[in-house]
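One structure is given below, encoded as structure tokens.
Residue numbers start from 1 in every chain, and the chains themselves are labelled A, B, ... in the order their sequence lines are given, proteins ahead of strands.
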Amino acid sequence: MNWPTTKAELISLQLELASATPAPWVLPDRPLIGGVWVCFPRGLSGPGAAGDPAWAAAVVTDGRRVVEQQSSRGTALASYTPGLLALRLGPVLEGAVRRLAGRPDVLLLDGTGRDHPRGAGLAVQLGAVLDLPTVGVTHRPLVASGDWPDDLAGATAPLLVDGRHVGTWVRTRTGTRPLAVHPGWRTDLATSVAVVSTCLAGRRTPEPLRLARQAARLLRGR
DNA sequence: GCGACAG
DNA sequence: ATCTTGTCGC
């Protein structure tokens, strides 16, 4: 499967993926959890533009420590448009993950899943492209809504779209904003929260994502 | 028409 | 995403 290069093609793919029914993935006892992150030049503001330089990093962890790490230079193929994030980041994210010699059991990324205008956010798309189970983690929902959970580590609350439970607010750490956790490719609500929970290490951000972001920024330079 | 809007 | 110092807390 390749990345769409036009808005119309991406929308078509999203509609297709929204109704796809890939075999559910089962969380193993000691999963290798991957994370992938893309960062842009300091000072860049707004939606950006096609051609923006980008730096990406992908890591594989045992949930705490890095098992493998790869980073690469890339180029954004489009500006950012809500609902069409893949047009900007898809190929860059995929490229970083494909540099890995090994494959994680599940991959974390910054993007939504079914919390999307067409029911297939970047987490669903990237998982389909890579044929890898994914879980999305964002600071806020895209179209879903729901009250925050109690300010206690481990507390959760549903994220809804038209009454559908599409994601979960997770208070990963007491005293910080909750994260929105999204089932992606081959993962469900319970599994997505379980994956995030197993790689928190006492921090707000899941370790694989934190480490990938750290690596991408290191490559970019200060 | 206006604002909101994953990153 | 990125812009940003100090500051409060464990």
Side-chain angles (χ1 to χ4, degrees), chain A residues 3 7 10-11 13-14 17-18 35-58 71 73-97 107-127 134-146 151-153 159-161 166-170 172-185 187 192 196 200-206 209-210 212-222:
Chain A
W3 289 102
K7 176 179 178 179
L10 176 57
I11 288 176
L13 172 64
Q14 291 169 341
L17 291 178
V36 63
W37 188 275
V38 178
C39 68
F40 290 96
R42 302 191 58 171
L44 189 160
S45 66
D52 286 340
W55 294 266
S71 50
R73 197 35 220 281
T75 302
L77 300 190
S79 60
Y80 165 67
T81 303
L84 301 175
L85 185 56
L87 235 37
R88 180 165 176 77
L89 302 183
V92 183
L93 290 167
E94 182 194 358
V97 175
L107 181 72
L108 270 48
L109 68 141
D110 244 300
T112 67
R114 294 180 296 180
D115 167 18
H116 182 275
R118 288 164 293 281
L122 185 55
V124 174
Q125 299 162 46
L126 186 62
T134 58
V135 171
V137 177
T138 63
H139 293 304
R140 58 188 184 190
L142 179 55
V143 297
S145 62
D151 187 10
L152 179 66
L159 278 165
L160 309 174
V161 174
V166 301
T168 311
W169 276 124
V170 178
T172 55
R173 189 177 169 176
T174 303
T176 63
R177 280 189 43 124
L179 292 178
V181 175
H182 310 262
W185 188 244
T187 56
S192 62
V196 167
L200 286 180
R203 302 173 186 275
R204 180 169 104 107
T205 306
L209 278 182
R210 190 180 67 85
R213 177 175 59 189
Q214 192 175 68
R217 286 181 168 175
L218 185 65
L219 179 68
R220 177 186 65 184
R222 300 264 147 157

How many Å lie between [atom1] on [X] and [atom2] on [N], as a whole number?
{"X": "A/Gln125", "N": "B/dG7", "atom1": "CD", "atom2": "C1'", "result": "13 Å"}
{"X": "A/Leu122", "N": "B/dC5", "atom1": "CG", "atom2": "C1'", "result": "16 Å"}
{"X": "A/His116", "N": "B/dG7", "atom1": "NE2", "atom2": "P", "result": "13 Å"}
{"X": "A/Arg217", "N": "C/dT4", "atom1": "CZ", "atom2": "P", "result": "13 Å"}
{"X": "A/Arg213", "N": "C/dT2", "atom1": "CZ", "atom2": "C1'", "result": "12 Å"}
{"X": "A/Leu142", "N": "B/dG7", "atom1": "CG", "atom2": "C1'", "result": "10 Å"}
{"X": "A/Arg88", "N": "C/dT2", "atom1": "CZ", "atom2": "C1'", "result": "11 Å"}
{"X": "A/Leu93", "N": "B/dG7", "atom1": "CG", "atom2": "P", "result": "12 Å"}

Sugar-phosphate, base or nothing in reach of [X], heavy atoms under 4.0 Å:
{"X": "A/Gly46", "answer": "base"}
{"X": "A/Gly83", "answer": "base"}
{"X": "A/Arg173", "answer": "nothing"}
{"X": "A/His139", "answer": "sugar-phosphate"}
{"X": "A/Leu44", "answer": "base"}
{"X": "A/Trp55", "answer": "nothing"}
{"X": "A/Gly43", "answer": "sugar-phosphate"}
{"X": "A/Leu84", "answer": "base"}

>> Can you tell me if A/Phe40 is stacked onto the base of C/dA1, using a 5.5 Å centroid cut-off and an angle below 30°?
In response: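 Taking the rule of under 5.5 Å and under 30°, the ring of A/Phe40 does not stack on C/dA1.
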
> Can you find a donor-acceptor pair, distance only, under 3.5 Å between A/Thr138 side chain and B/dA6 base?
Replying inline: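 Between B/dA6 and A/Thr138, which were checked side chain against base, a qualifying N/O pair under 3.5 Å is absent.
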
> Nearest 0.5 Å, what's the OG1-CG distance between A/Thr138 and A/Leu159?
Replying inline: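 It comes to 8.0 Å.
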
> Atom OG1 of A/Thr205 and atom CZ of A/Arg173: how far apart are they, to the nearest 0.5 Å?
Replying inline: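 Between atom OG1 of A/Thr205 and atom CZ of A/Arg173 there are 10.0 Å.
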
> Between A/Arg204 and A/Thr172, which heavy-atom pair has the shortest distance, and what is it?
Replying inline: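 Distance-wise, the nearest heavy atoms are O-OG1, 2.8 Å.
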
> Heavy atoms, side chains only, cut-off 4.5 Å: are A/Ile11 and A/Leu84 in contact?
Replying inline: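 Heavy-atom side-chain distance check passes, below 4.5 Å.
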
>> On the nucleotide C/dT2, are OP1 or OP2 found under 4.0 Å from the side-chain N or O atoms that A/Arg220 carries?
In response: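 So the side-chain polar atoms of A/Arg220 do come within 4.0 Å of the phosphate oxygens OP1 or OP2 of C/dT2, strictly under.
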
>> Let's see if you can work this out: which of B/dA6, C/dT2, C/dA1 has an atom nearest to the side-chain heavy atoms of A/Tyr80?
In response: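 Within the option list, the nearest is B/dA6.
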
>> Taking A/Arg114's backbone N and O only, do any of them form a donor-acceptor pair with A/His182's side chain (distance below 3.5 Å, no angle check)?
In response: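 No; judged by distance alone, with no hydrogens or angles, the pair does not exist.
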
